[in-house]
Amino acid sequence: MTGSSTRRTADGSTSRGPVRPAWVLAAVLALLTVVFIAQNRDRVSIHLFTATVPAPLWLLLTITVLVGAAVGALVRTRR
């Protein structure tokens, strides 16, 4: 099992090893993002170039988070 964090214990069961701090931080940030989006449900007007679009703020925040995640995935470098 090269590159895997799963290992076999003495009784034959498997364990995944310690939880990485980066995963804990990512989970906390994701939870805070969901709470932030859920609490901002007012209707707002967005001005994009010459168009004005009324939309719920939670929808715009969700779209912004998804676009940010897509940009991050596109520019991420492999180790």
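Given the structure is predicted, the values throughout are model-derived calculations rather than measurements.
- Between P56 and R43, the shortest heavy-atom distance links the atoms CD-NH1, 3.4 Å.
- Side-chain atoms of T52 and I46, non-hydrogen and from C-beta on, never get closer than 4.5 Å to each other.
- Counting only heavy atoms from C-beta outward, the side chains of I37 and W58 approach each other to under 4.5 Å.
- No single ILVMFWY cluster, assembled from side-chain heavy atoms under 4.5 Å apart, contains both V71 and L29.
- No chain of hydrophobic side-chain contacts below 4.5 Å, direct or via other Ile, Leu, Val, Met, Phe, Trp or Tyr residues, connects L61 to V28.
- Using a 4.5 Å heavy-atom threshold, the side chains of V53 and L48 count as separate.
- At a threshold of 4.5 Å between side-chain heavy atoms, the hydrophobic network of Ile, Leu, Val, Met, Phe, Trp and Tyr places L59 and L57 in one connected group.
- Of the residues listed (L60, L66, V65), the one engaging T62 in a side-chain contact (heavy atoms from CB on, under 4.5 Å) is L66, and it is the only one.
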